[in-house]
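Report on the structure given below.
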Amino acid sequence: MSDTPTRTSEITSPDTELVETQTPATTIDTMSDEEIRKLIKSKEVSPLLLGFQDMWEGLKRFQIWTTFASEDLQQRYFRAGLGLYWIAISYAFFLGGYILIVGRLAGDGWAEKSCYITIGYLAWLQMNNAVSEGVGTFTMNANWIKAARLPFSVFAYQATVRNCLNLAIHAGVTIVVLIIFRAGLSPDLTALEIAYSVGAMIFIMLNTVWVQIFFGIIALRYRDIAHFTSAMMRLFFFFTPVLWRANLIGAYGEIIFTYNPFTYFIQIVRLPLLEARFPAHEWMVVSIISLCGFLITGIMLGLTHKKIAFWL
Amino acid sequence: MTPTEKQICIYLKDVGLTYPVFARARHKGARSRDEEQAGLMGQIQSKNKSIRSVAALGDISFSLKPGDRLALIGANGAGKTTLLRVLAGIYKPSSGDILVEGRIATLFQMGMGMRATASGYRNIYLQALLAGHSKSRIAELVEDVEDFTELGDFLHMPINTYSQGMAMRLNFAVATAIRPDILLMDEWLGAGDAKFRKKANQRMLKTFADAGISVIASHNRMLVKKLCNKALWLDKGQQMFLGDVKETFERMDEYYAVDEDEDMADHA
(Lines give C-alpha, C1' and ligand atoms only; values in the text may rest on other atoms or scores of the structure.)
Protein backbone atom coordinates (compact mmCIF):
# COMPACT_ATOMS: atom_id res chain seq x y z
CA MET A 1 0.00 0.00 0.00
CA SER A 2 2.84 2.33 0.79
CA ASP A 3 4.50 1.66 -2.55
CA THR A 4 1.76 3.16 -4.62
CA PRO A 5 2.87 6.61 -5.67
CA THR A 6 0.93 9.49 -4.25
CA ARG A 7 -1.86 10.08 -6.64
CA THR A 8 -2.74 13.68 -6.73
CA SER A 9 0.24 15.33 -5.14
CA GLU A 10 2.52 16.72 -7.77
CA ILE A 11 4.91 18.63 -5.62
CA THR A 12 7.52 17.12 -3.33
CA SER A 13 5.99 13.72 -3.34
CA PRO A 14 8.46 11.54 -1.45
CA ASP A 15 10.97 10.02 -3.79
CA THR A 16 10.51 6.28 -4.02
CA GLU A 17 13.75 5.48 -5.83
CA LEU A 18 16.34 6.52 -3.30
CA VAL A 19 16.03 3.57 -0.98
CA GLU A 20 19.51 2.97 0.31
CA THR A 21 21.03 6.44 0.50
CA GLN A 22 22.37 6.96 3.96
CA THR A 23 23.96 10.37 3.79
CA PRO A 24 24.31 12.05 7.18
CA ALA A 25 21.93 14.87 6.36
CA THR A 26 19.04 12.72 5.27
CA THR A 27 15.81 14.61 5.01
CA ILE A 28 12.29 13.50 4.41
CA ASP A 29 12.61 14.48 0.74
CA THR A 30 15.28 11.90 0.10
CA MET A 31 13.62 9.11 2.01
CA SER A 32 11.32 6.54 0.54
CA ASP A 33 7.87 5.91 1.93
CA GLU A 34 9.14 2.67 3.39
CA GLU A 35 11.96 4.41 5.22
CA ILE A 36 9.68 7.06 6.56
CA ARG A 37 7.27 4.41 7.67
CA LYS A 38 10.08 2.67 9.53
CA LEU A 39 11.04 5.96 11.11
CA ILE A 40 7.46 6.57 12.20
CA LYS A 41 7.19 3.05 13.57
CA SER A 42 10.43 3.47 15.48
CA LYS A 43 8.97 6.50 17.22
CA GLU A 44 5.76 4.77 18.16
CA VAL A 45 5.31 3.72 21.75
CA SER A 46 3.41 0.60 22.67
CA PRO A 47 -0.10 1.47 23.87
CA LEU A 48 0.65 -0.29 27.14
CA LEU A 49 3.50 2.12 27.84
CA LEU A 50 2.01 5.18 26.24
CA GLY A 51 0.04 6.16 29.32
CA PHE A 52 3.10 6.04 31.55
CA GLN A 53 5.05 8.01 29.00
CA ASP A 54 2.28 10.59 28.99
CA MET A 55 2.43 10.85 32.77
CA TRP A 56 6.20 11.28 32.63
CA GLU A 57 6.12 13.85 29.85
CA GLY A 58 3.40 15.70 31.71
CA LEU A 59 5.43 15.70 34.88
CA LYS A 60 8.32 17.36 33.08
CA ARG A 61 6.15 20.27 32.06
CA PHE A 62 5.69 21.38 35.63
CA GLN A 63 5.86 25.06 34.76
CA ILE A 64 2.68 24.69 32.78
CA TRP A 65 0.59 22.90 35.35
CA THR A 66 1.73 24.99 38.26
CA THR A 67 0.92 28.15 36.32
CA PHE A 68 -2.44 26.75 35.23
CA ALA A 69 -3.28 25.79 38.78
CA SER A 70 -2.57 29.21 40.17
CA GLU A 71 -4.61 30.70 37.32
CA ASP A 72 -7.47 28.40 38.29
CA LEU A 73 -7.48 29.63 41.84
CA GLN A 74 -7.21 33.26 40.84
CA GLN A 75 -10.04 32.77 38.39
CA ARG A 76 -12.28 31.09 40.94
CA TYR A 77 -11.91 33.94 43.39
CA PHE A 78 -11.64 36.62 40.74
CA ARG A 79 -13.06 39.91 42.01
CA ALA A 80 -13.88 38.44 45.41
CA GLY A 81 -12.57 40.87 48.01
CA LEU A 82 -11.46 38.18 50.40
CA GLY A 83 -10.18 36.00 47.58
CA LEU A 84 -8.54 32.81 48.72
CA TYR A 85 -9.54 33.48 52.33
CA TRP A 86 -12.95 32.22 51.35
CA ILE A 87 -11.57 28.71 51.25
CA ALA A 88 -10.47 29.02 54.87
CA ILE A 89 -13.63 30.79 55.97
CA SER A 90 -16.04 28.31 54.44
CA TYR A 91 -14.04 25.40 55.76
CA ALA A 92 -13.91 26.88 59.26
CA PHE A 93 -17.68 27.40 59.22
CA PHE A 94 -18.22 23.86 58.09
CA LEU A 95 -15.93 22.30 60.66
CA GLY A 96 -17.36 24.51 63.39
CA GLY A 97 -20.87 23.36 62.54
CA TYR A 98 -19.90 19.72 62.63
CA ILE A 99 -18.01 19.98 65.87
CA LEU A 100 -20.86 21.85 67.53
CA ILE A 101 -23.53 19.41 66.40
CA VAL A 102 -21.95 16.01 65.90
CA GLY A 103 -19.22 16.43 68.51
CA ARG A 104 -21.83 17.36 71.09
CA LEU A 105 -24.24 14.55 70.20
CA ALA A 106 -23.12 11.94 72.67
CA GLY A 107 -22.05 14.29 75.40
CA ASP A 108 -18.58 13.46 76.61
CA GLY A 109 -15.34 13.10 74.74
CA TRP A 110 -15.94 16.34 72.90
CA ALA A 111 -12.25 17.00 72.33
CA GLU A 112 -11.58 13.44 71.10
CA LYS A 113 -14.52 13.52 68.77
CA SER A 114 -13.59 16.93 67.43
CA CYS A 115 -10.10 15.73 66.59
CA TYR A 116 -11.46 12.53 65.11
CA ILE A 117 -13.85 14.39 62.82
CA THR A 118 -11.45 17.20 61.91
CA ILE A 119 -8.60 14.96 60.80
CA GLY A 120 -10.85 12.45 59.10
CA TYR A 121 -12.73 15.13 57.26
CA LEU A 122 -9.54 16.76 56.00
CA ALA A 123 -8.45 13.48 54.44
CA TRP A 124 -11.93 12.70 53.15
CA LEU A 125 -12.29 16.09 51.54
CA GLN A 126 -9.15 15.65 49.44
CA MET A 127 -10.32 12.26 48.17
CA ASN A 128 -13.80 13.50 47.54
CA ASN A 129 -12.42 16.46 45.58
CA ALA A 130 -10.21 14.21 43.52
CA VAL A 131 -13.07 11.94 42.51
CA SER A 132 -15.77 14.53 42.03
CA GLU A 133 -13.50 16.95 40.16
CA GLY A 134 -11.71 14.08 38.47
CA VAL A 135 -14.72 13.29 36.31
CA GLY A 136 -14.16 16.67 34.68
CA THR A 137 -10.41 16.40 34.19
CA PHE A 138 -10.72 16.24 30.42
CA THR A 139 -14.20 17.57 29.76
CA MET A 140 -13.37 20.82 31.55
CA ASN A 141 -10.19 21.22 29.55
CA ALA A 142 -11.63 20.50 26.12
CA ASN A 143 -10.63 24.00 25.13
CA TRP A 144 -6.97 23.22 25.67
CA ILE A 145 -6.97 19.66 24.47
CA LYS A 146 -8.42 20.76 21.14
CA ALA A 147 -6.02 23.67 20.78
CA ALA A 148 -2.64 22.19 21.51
CA ARG A 149 -0.97 18.89 21.90
CA LEU A 150 -0.14 18.48 25.54
CA PRO A 151 0.31 15.35 27.61
CA PHE A 152 -3.11 14.59 29.04
CA SER A 153 -1.63 14.05 32.48
CA VAL A 154 -0.87 17.77 32.64
CA PHE A 155 -4.51 18.40 33.51
CA ALA A 156 -4.41 15.92 36.36
CA TYR A 157 -1.25 17.47 37.78
CA GLN A 158 -2.86 20.85 37.44
CA ALA A 159 -5.88 19.71 39.45
CA THR A 160 -3.64 18.11 42.03
CA VAL A 161 -1.62 21.26 42.53
CA ARG A 162 -4.82 23.26 42.77
CA ASN A 163 -6.10 20.85 45.38
CA CYS A 164 -2.79 21.00 47.22
CA LEU A 165 -3.20 24.75 47.57
CA ASN A 166 -6.71 24.09 48.83
CA LEU A 167 -5.34 21.49 51.20
CA ALA A 168 -2.74 23.88 52.55
CA ILE A 169 -5.46 26.32 53.49
CA HIS A 170 -7.68 23.59 54.92
CA ALA A 171 -4.74 22.20 56.85
CA GLY A 172 -4.16 25.61 58.37
CA VAL A 173 -7.73 25.66 59.71
CA THR A 174 -7.37 22.05 60.83
CA ILE A 175 -4.23 22.83 62.79
CA VAL A 176 -6.00 25.65 64.59
CA VAL A 177 -8.86 23.32 65.50
CA LEU A 178 -6.44 20.62 66.66
CA ILE A 179 -4.60 23.08 68.85
CA ILE A 180 -7.88 24.17 70.42
CA PHE A 181 -8.91 20.56 71.04
CA ARG A 182 -5.39 19.25 71.70
CA ALA A 183 -6.75 17.28 74.66
CA GLY A 184 -8.31 14.94 72.09
CA LEU A 185 -4.98 13.98 70.54
CA SER A 186 -2.83 11.17 71.87
CA PRO A 187 -0.85 12.24 74.93
CA ASP A 188 2.21 10.35 73.64
CA LEU A 189 2.31 12.34 70.43
CA THR A 190 5.82 13.07 69.13
CA ALA A 191 7.18 14.78 66.05
CA LEU A 192 7.52 11.37 64.43
CA GLU A 193 3.79 10.67 64.56
CA ILE A 194 3.05 14.09 63.16
CA ALA A 195 5.44 13.30 60.32
CA TYR A 196 3.57 10.02 59.67
CA SER A 197 0.35 11.95 59.39
CA VAL A 198 1.76 14.62 57.12
CA GLY A 199 3.39 11.94 54.99
CA ALA A 200 0.07 10.13 54.72
CA MET A 201 -1.60 13.34 53.56
CA ILE A 202 1.05 13.80 50.89
CA PHE A 203 0.54 10.20 49.87
CA ILE A 204 -3.17 10.86 49.40
CA MET A 205 -2.40 13.88 47.22
CA LEU A 206 -0.05 11.80 45.06
CA ASN A 207 -2.84 9.32 44.59
CA THR A 208 -5.21 12.00 43.40
CA VAL A 209 -3.16 12.21 40.21
CA TRP A 210 -4.15 8.79 38.94
CA VAL A 211 -7.62 9.04 40.45
CA GLN A 212 -8.25 12.13 38.35
CA ILE A 213 -6.97 10.56 35.17
CA PHE A 214 -8.93 7.38 35.85
CA PHE A 215 -12.26 9.09 36.45
CA GLY A 216 -11.49 11.67 33.79
CA ILE A 217 -11.26 9.02 31.10
CA ILE A 218 -14.23 6.95 32.24
CA ALA A 219 -16.48 9.94 32.63
CA LEU A 220 -15.39 11.26 29.27
CA ARG A 221 -16.49 8.14 27.47
CA TYR A 222 -19.50 7.36 29.64
CA ARG A 223 -21.05 10.64 30.64
CA ASP A 224 -23.35 8.97 33.15
CA ILE A 225 -20.34 8.18 35.29
CA ALA A 226 -20.01 11.80 36.33
CA HIS A 227 -23.48 11.72 37.85
CA PHE A 228 -23.00 8.24 39.19
CA THR A 229 -19.82 9.10 41.06
CA SER A 230 -21.29 12.20 42.62
CA ALA A 231 -24.15 10.06 43.93
CA MET A 232 -21.74 7.36 45.08
CA MET A 233 -19.45 9.77 46.86
CA ARG A 234 -22.39 11.04 48.85
CA LEU A 235 -23.12 7.49 49.86
CA PHE A 236 -19.49 6.76 50.62
CA PHE A 237 -19.34 9.75 52.91
CA PHE A 238 -21.68 7.84 55.20
CA PHE A 239 -19.94 4.53 54.62
CA THR A 240 -16.57 5.98 55.54
CA PRO A 241 -15.69 6.43 59.18
CA VAL A 242 -15.38 10.19 59.06
CA LEU A 243 -18.09 10.93 61.59
CA TRP A 244 -18.56 7.51 63.21
CA ARG A 245 -16.40 4.79 64.72
CA ALA A 246 -16.66 1.20 63.65
CA ASN A 247 -17.11 -0.11 67.19
CA LEU A 248 -20.14 2.10 67.72
CA ILE A 249 -22.38 0.45 65.15
CA GLY A 250 -21.48 -3.17 65.68
CA ALA A 251 -20.77 -5.95 63.20
CA TYR A 252 -22.52 -4.06 60.45
CA GLY A 253 -20.13 -1.15 60.84
CA GLU A 254 -17.20 -3.53 60.90
CA ILE A 255 -18.00 -4.78 57.40
CA ILE A 256 -18.39 -1.33 55.91
CA PHE A 257 -15.25 -0.28 57.70
CA THR A 258 -13.16 -3.20 56.44
CA TYR A 259 -14.20 -3.26 52.80
CA ASN A 260 -14.18 0.47 52.14
CA PRO A 261 -10.91 1.61 50.56
CA PHE A 262 -11.42 5.15 51.80
CA THR A 263 -11.23 3.93 55.38
CA TYR A 264 -7.60 3.03 55.04
CA PHE A 265 -6.58 6.32 53.52
CA ILE A 266 -8.26 8.14 56.37
CA GLN A 267 -6.75 5.88 58.98
CA ILE A 268 -3.17 6.43 57.84
CA VAL A 269 -3.65 10.14 58.51
CA ARG A 270 -5.71 9.80 61.66
CA LEU A 271 -4.21 6.95 63.64
CA PRO A 272 -0.72 8.42 64.18
CA LEU A 273 -2.24 11.52 65.76
CA LEU A 274 -4.97 9.85 67.78
CA GLU A 275 -3.19 6.69 68.86
CA ALA A 276 0.47 7.69 68.45
CA ARG A 277 1.39 4.66 66.36
CA PHE A 278 2.42 3.79 62.83
CA PRO A 279 -0.54 2.10 61.12
CA ALA A 280 1.41 -0.61 59.31
CA HIS A 281 -1.55 -2.71 58.21
CA GLU A 282 -3.40 0.30 56.81
CA TRP A 283 -0.29 1.46 54.99
CA MET A 284 0.03 -1.93 53.37
CA VAL A 285 -3.55 -1.78 52.12
CA VAL A 286 -3.23 1.74 50.73
CA SER A 287 0.07 0.88 49.06
CA ILE A 288 -1.53 -2.02 47.22
CA ILE A 289 -4.54 0.06 46.22
CA SER A 290 -2.29 2.87 44.99
CA LEU A 291 0.00 0.62 43.00
CA CYS A 292 -2.90 -1.17 41.33
CA GLY A 293 -4.67 2.12 40.68
CA PHE A 294 -1.59 3.67 39.16
CA LEU A 295 -0.89 0.68 36.91
CA ILE A 296 -4.48 0.31 35.76
CA THR A 297 -4.74 4.03 35.06
CA GLY A 298 -1.48 4.07 33.13
CA ILE A 299 -2.58 1.20 30.93
CA MET A 300 -6.03 2.67 30.49
CA LEU A 301 -4.59 6.05 29.50
CA GLY A 302 -2.34 4.37 26.95
CA LEU A 303 -5.15 2.36 25.43
CA THR A 304 -7.51 5.31 25.19
CA HIS A 305 -4.86 7.89 24.28
CA LYS A 306 -5.88 8.08 20.63
CA LYS A 307 -9.54 8.40 21.43
CA ILE A 308 -9.65 11.03 24.13
CA ALA A 309 -9.79 13.92 21.66
CA PHE A 310 -12.74 12.33 19.87
CA TRP A 311 -14.64 11.67 23.04
CA LEU A 312 -14.58 15.32 24.07
CA MET B 1 18.61 7.39 8.25
CA THR B 2 17.24 9.39 11.11
CA PRO B 3 16.66 12.97 10.06
CA THR B 4 18.70 15.64 11.75
CA GLU B 5 17.34 17.11 14.95
CA LYS B 6 16.30 20.44 13.54
CA GLN B 7 14.39 19.04 10.63
CA ILE B 8 11.00 20.53 10.04
CA CYS B 9 8.57 18.62 7.92
CA ILE B 10 5.06 17.41 7.45
CA TYR B 11 4.57 14.09 5.77
CA LEU B 12 1.28 12.30 5.26
CA LYS B 13 0.74 9.09 3.39
CA ASP B 14 -2.73 7.67 2.83
CA VAL B 15 -3.97 9.22 6.03
CA GLY B 16 -7.55 8.41 6.85
CA LEU B 17 -9.62 9.29 9.84
CA THR B 18 -12.82 7.79 11.04
CA TYR B 19 -14.17 8.97 14.32
CA PRO B 20 -17.03 7.95 16.54
CA VAL B 21 -19.98 10.20 17.15
CA PHE B 22 -21.73 9.50 20.39
CA ALA B 23 -24.63 11.88 20.05
CA ARG B 24 -27.58 9.78 21.00
CA ALA B 25 -30.78 10.69 19.27
CA ARG B 26 -33.37 11.76 21.80
CA HIS B 27 -36.17 12.10 19.34
CA LYS B 28 -36.62 11.70 15.68
CA GLY B 29 -36.00 15.29 14.77
CA ALA B 30 -32.74 15.40 16.65
CA ARG B 31 -31.51 12.30 14.97
CA SER B 32 -32.02 13.49 11.46
CA ARG B 33 -30.44 16.82 12.28
CA ASP B 34 -27.40 15.12 13.75
CA GLU B 35 -27.09 13.03 10.71
CA GLU B 36 -27.46 15.96 8.43
CA GLN B 37 -24.68 17.78 10.21
CA ALA B 38 -22.42 14.79 10.23
CA GLY B 39 -23.28 14.12 6.63
CA LEU B 40 -21.46 17.24 5.64
CA MET B 41 -18.29 15.77 7.02
CA GLY B 42 -18.29 12.51 5.24
CA GLN B 43 -19.91 9.16 5.32
CA ILE B 44 -21.74 7.95 8.33
CA GLN B 45 -21.67 4.36 9.34
CA SER B 46 -23.85 3.06 12.11
CA LYS B 47 -22.42 0.35 14.26
CA ASN B 48 -25.29 0.42 16.65
CA LYS B 49 -27.95 2.79 17.84
CA SER B 50 -25.82 5.12 19.89
CA ILE B 51 -22.45 5.02 18.18
CA ARG B 52 -22.06 6.08 14.62
CA SER B 53 -18.78 6.76 13.00
CA VAL B 54 -17.93 9.43 10.52
CA ALA B 55 -15.32 8.91 7.85
CA ALA B 56 -13.95 12.43 8.02
CA LEU B 57 -10.77 12.02 6.00
CA GLY B 58 -9.67 9.46 3.48
CA ASP B 59 -6.35 8.85 1.77
CA ILE B 60 -4.68 12.19 2.29
CA SER B 61 -1.08 12.21 1.07
CA PHE B 62 1.29 15.12 0.83
CA SER B 63 4.52 16.36 2.23
CA LEU B 64 5.66 19.85 3.07
CA LYS B 65 9.04 21.34 3.82
CA PRO B 66 10.17 24.68 5.27
CA GLY B 67 8.96 27.57 3.18
CA ASP B 68 5.80 25.81 2.15
CA ARG B 69 2.57 27.62 2.76
CA LEU B 70 -0.32 25.32 2.09
CA ALA B 71 -3.92 26.40 1.77
CA LEU B 72 -6.68 23.95 2.54
CA ILE B 73 -9.68 24.74 0.44
CA GLY B 74 -13.06 23.17 -0.03
CA ALA B 75 -16.66 23.56 0.99
CA ASN B 76 -17.84 23.69 4.60
CA GLY B 77 -17.46 20.27 6.12
CA ALA B 78 -14.90 19.10 3.60
CA GLY B 79 -12.55 18.09 6.40
CA LYS B 80 -10.27 21.14 6.56
CA THR B 81 -10.52 21.60 10.30
CA THR B 82 -10.20 17.89 10.91
CA LEU B 83 -7.07 17.75 8.80
CA LEU B 84 -5.59 20.67 10.71
CA ARG B 85 -6.26 18.84 13.94
CA VAL B 86 -4.58 15.77 12.56
CA LEU B 87 -1.54 17.87 11.65
CA ALA B 88 -1.53 19.36 15.13
CA GLY B 89 -1.43 15.88 16.62
CA ILE B 90 -4.74 16.37 18.38
CA TYR B 91 -6.51 13.73 16.33
CA LYS B 92 -4.58 10.58 15.59
CA PRO B 93 -5.36 9.17 12.16
CA SER B 94 -7.04 5.80 12.02
CA SER B 95 -5.03 4.71 8.99
CA GLY B 96 -1.94 5.74 7.08
CA ASP B 97 1.38 7.24 8.14
CA ILE B 98 1.96 10.68 9.48
CA LEU B 99 5.16 12.41 10.49
CA VAL B 100 5.16 15.96 11.74
CA GLU B 101 8.44 17.39 12.97
CA GLY B 102 8.77 20.80 14.50
CA ARG B 103 7.18 23.01 17.10
CA ILE B 104 3.57 23.68 16.32
CA ALA B 105 1.40 26.70 16.99
CA THR B 106 -2.29 26.60 16.31
CA LEU B 107 -4.83 29.31 15.65
CA PHE B 108 -8.08 27.41 15.61
CA GLN B 109 -11.19 28.69 17.24
CA MET B 110 -11.06 32.10 18.84
CA GLY B 111 -10.07 31.97 22.45
CA MET B 112 -8.94 28.38 22.34
CA GLY B 113 -5.85 28.07 24.42
CA MET B 114 -6.50 31.41 26.07
CA ARG B 115 -7.75 32.11 29.53
CA ALA B 116 -10.56 34.61 29.44
CA THR B 117 -10.13 36.00 32.93
CA ALA B 118 -6.35 36.29 32.75
CA SER B 119 -4.66 39.44 31.52
CA GLY B 120 -3.18 39.78 28.08
CA TYR B 121 0.32 39.58 29.51
CA ARG B 122 -0.56 36.48 31.46
CA ASN B 123 -1.89 34.83 28.33
CA ILE B 124 1.27 35.64 26.43
CA TYR B 125 3.21 34.01 29.22
CA LEU B 126 1.00 30.92 29.23
CA GLN B 127 1.22 30.48 25.49
CA ALA B 128 4.97 30.88 25.51
CA LEU B 129 5.24 28.29 28.26
CA LEU B 130 3.08 25.91 26.26
CA ALA B 131 5.38 26.37 23.31
CA GLY B 132 8.27 25.44 25.56
CA HIS B 133 10.06 28.77 25.86
CA SER B 134 12.32 29.72 28.73
CA LYS B 135 11.53 32.69 30.93
CA SER B 136 14.30 34.84 29.48
CA ARG B 137 13.06 34.22 25.97
CA ILE B 138 9.55 35.15 27.00
CA ALA B 139 10.58 38.71 27.81
CA GLU B 140 11.72 39.30 24.21
CA LEU B 141 8.58 37.75 22.96
CA VAL B 142 6.39 40.01 25.04
CA GLU B 143 7.99 43.03 23.41
CA ASP B 144 7.28 41.63 20.00
CA VAL B 145 3.64 41.09 20.87
CA GLU B 146 3.34 44.57 22.37
CA ASP B 147 4.65 46.04 19.13
CA PHE B 148 2.43 44.07 16.87
CA THR B 149 -0.85 44.25 18.75
CA GLU B 150 -0.62 47.94 19.71
CA LEU B 151 -2.89 47.06 22.59
CA GLY B 152 -0.90 49.16 25.07
CA ASP B 153 -2.33 49.13 28.55
CA PHE B 154 -5.09 46.77 27.51
CA LEU B 155 -2.55 44.00 27.88
CA HIS B 156 -2.94 44.45 31.63
CA MET B 157 -6.68 43.80 31.38
CA PRO B 158 -8.31 40.39 31.39
CA ILE B 159 -8.93 39.34 27.84
CA ASN B 160 -12.65 38.90 28.34
CA THR B 161 -12.77 42.70 28.28
CA TYR B 162 -11.33 42.71 24.77
CA SER B 163 -13.30 43.13 21.61
CA GLN B 164 -13.22 40.26 19.13
CA GLY B 165 -10.72 42.13 17.02
CA MET B 166 -8.40 42.85 19.92
CA ALA B 167 -8.47 39.26 21.09
CA MET B 168 -7.73 38.16 17.57
CA ARG B 169 -4.77 40.49 17.29
CA LEU B 170 -3.40 39.11 20.52
CA ASN B 171 -3.99 35.50 19.53
CA PHE B 172 -2.30 35.97 16.20
CA ALA B 173 0.59 37.96 17.57
CA VAL B 174 1.35 35.39 20.22
CA ALA B 175 1.07 32.44 17.89
CA THR B 176 3.53 34.00 15.48
CA ALA B 177 5.81 35.53 18.10
CA ILE B 178 6.54 32.21 19.71
CA ARG B 179 8.28 31.34 16.45
CA PRO B 180 6.75 27.97 15.81
CA ASP B 181 8.19 25.81 13.07
CA ILE B 182 4.71 25.00 11.93
CA LEU B 183 1.75 27.35 12.08
CA LEU B 184 -1.73 25.94 11.62
CA MET B 185 -4.58 28.35 11.08
CA ASP B 186 -8.26 27.75 10.70
CA GLU B 187 -10.24 30.51 8.99
CA TRP B 188 -8.22 33.26 10.44
CA LEU B 189 -6.75 36.18 8.67
CA GLY B 190 -9.87 36.78 6.67
CA ALA B 191 -11.52 38.45 9.62
CA GLY B 192 -10.49 41.67 11.31
CA ASP B 193 -10.20 45.16 9.95
CA ALA B 194 -8.22 46.05 6.86
CA LYS B 195 -5.29 47.38 8.85
CA PHE B 196 -4.97 44.21 10.87
CA ARG B 197 -5.28 42.06 7.79
CA LYS B 198 -2.52 43.93 6.06
CA LYS B 199 -0.25 43.81 9.05
CA ALA B 200 -0.95 40.17 9.66
CA ASN B 201 -0.29 39.25 6.05
CA GLN B 202 3.00 41.11 6.15
CA ARG B 203 3.97 39.36 9.31
CA MET B 204 3.07 36.03 7.82
CA LEU B 205 5.15 36.61 4.71
CA LYS B 206 8.11 38.45 6.19
CA THR B 207 8.88 37.15 9.59
CA PHE B 208 7.50 33.70 9.44
CA ALA B 209 7.09 32.18 6.04
CA ASP B 210 10.64 31.40 5.01
CA ALA B 211 11.56 29.64 8.20
CA GLY B 212 8.60 27.41 8.75
CA ILE B 213 5.63 25.65 7.31
CA SER B 214 2.19 27.12 7.47
CA VAL B 215 -1.11 25.50 6.73
CA ILE B 216 -4.14 27.72 6.42
CA ALA B 217 -7.72 26.63 5.99
CA SER B 218 -9.60 29.42 4.32
CA HIS B 219 -12.47 30.34 2.06
CA ASN B 220 -10.87 33.64 1.21
CA ARG B 221 -9.37 33.31 -2.24
CA MET B 222 -7.60 36.63 -2.34
CA LEU B 223 -5.87 35.84 0.87
CA VAL B 224 -4.92 32.34 -0.13
CA LYS B 225 -3.54 33.55 -3.44
CA LYS B 226 -1.48 36.18 -1.71
CA LEU B 227 -0.13 34.04 1.08
CA CYS B 228 0.16 30.49 -0.08
CA ASN B 229 2.27 28.69 -2.61
CA LYS B 230 0.28 25.46 -2.59
CA ALA B 231 -3.30 24.47 -2.19
CA LEU B 232 -5.01 21.26 -1.27
CA TRP B 233 -8.60 20.87 -2.29
CA LEU B 234 -10.72 18.65 -0.11
CA ASP B 235 -14.16 17.37 -0.83
CA LYS B 236 -16.01 15.19 1.66
CA GLY B 237 -12.75 14.29 3.30
CA GLN B 238 -11.12 13.17 0.08
CA GLN B 239 -8.05 14.78 -1.42
CA MET B 240 -9.26 16.04 -4.77
CA PHE B 241 -6.22 17.91 -5.93
CA LEU B 242 -2.93 19.26 -4.68
CA GLY B 243 -0.98 21.76 -6.67
CA ASP B 244 -0.19 25.42 -6.95
CA VAL B 245 -2.91 27.72 -5.76
CA LYS B 246 -4.11 28.96 -9.11
CA GLU B 247 -4.37 25.56 -10.68
CA THR B 248 -6.13 24.06 -7.70
CA PHE B 249 -8.76 26.76 -7.76
CA GLU B 250 -9.24 26.28 -11.48
CA ARG B 251 -9.80 22.58 -11.05
CA MET B 252 -12.16 23.17 -8.19
CA ASP B 253 -14.19 25.69 -10.16
CA GLU B 254 -14.36 23.35 -13.10
CA TYR B 255 -15.60 20.61 -10.82
CA TYR B 256 -18.23 22.66 -9.08
CA ALA B 257 -18.86 24.80 -12.15
CA VAL B 258 -18.67 27.95 -10.10
CA ASP B 259 -18.58 31.30 -11.76
CA GLU B 260 -15.40 32.78 -10.36
CA ASP B 261 -16.48 36.41 -10.59
CA GLU B 262 -19.51 35.71 -8.54
CA ASP B 263 -17.49 33.78 -6.05
CA MET B 264 -14.93 36.51 -5.70
CA ALA B 265 -17.63 39.04 -5.13
CA ASP B 266 -18.80 36.87 -2.28
CA HIS B 267 -15.47 36.85 -0.58
CA ALA B 268 -14.12 40.26 -1.37
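Lettering follows sequence order; numbering is per chain, from 1.
Residue B/Leu126 touches chain A through its side chain alone, counting heavy-atom pairs closer than 4.5 Å. If you measure heavy-atom distances from B/Leu17 to chain A, the contacts under 4.5 Å come from the side chain alone. Interface remark: A/Arg223 contributes no atoms to any contact with chain B (heavy atom separation under 4.5 Å). With a 4.5 Å cut-off on non-hydrogen atoms, B/Ala118 touches chain A through its backbone and its side chain both. For B/Gln127, the part sitting under 4.5 Å from any heavy atom of chain A is the side chain, from C-beta outward, and nothing else. Looking at B/Ile104, there are no atoms closer than 4.5 Å to chain A (heavy atoms on both sides), in backbone or side chain. Residue A/Lys307: no heavy atom, backbone or side chain, is found under 4.5 Å from chain B. For a residue to count as touching a neighbouring chain, one of its non-hydrogen atoms must lie under 4.5 Å from one of that chain's; by this rule B/Phe108 touches chain A with the side chain only. Looking at A/Ile145, only its backbone comes within 4.5 Å of chain B, counting heavy atoms on both sides.
With no hydrogens or angles considered, a side-chain donor-acceptor pair links B/Tyr256 and B/Asp235 at under 3.5 Å.
A/Gln126 places no side-chain N or O within donor-acceptor distance of the main-chain N or O of A/Met205, the cut-off being under 3.5 Å.
Partner of A/Leu301 under the side-chain contact (heavy atoms from CB on, under 4.5 Å) criterion, out of A/Leu50, A/Ile217, A/Ile296: A/Ile217 alone. If you run side-chain hydrogen bond (donor to acceptor under 3.5 Å, both in side chains) between A/Gln212 and each of A/Thr297, A/Thr160, A/Asn207, only A/Thr160 comes through.
For the pair B/Lys225 and B/Phe249, the cation-pi test (distance below 6.0 Å, angle within 45°) is passed.
To the nearest 0.5 Å, atom CG of residue B/Leu57 and atom OH of residue B/Tyr19 are 8.5 Å apart.
Options B/Leu130, B/Thr106, B/Leu184 differ in how many heavy-atom pairs under 4.5 Å they form with chain A, and the most are formed by B/Leu130.
Scanning all heavy atoms of the two residues, the minimum distance from B/Tyr162 to B/Leu155 falls at OH-CA, 3.3 Å.
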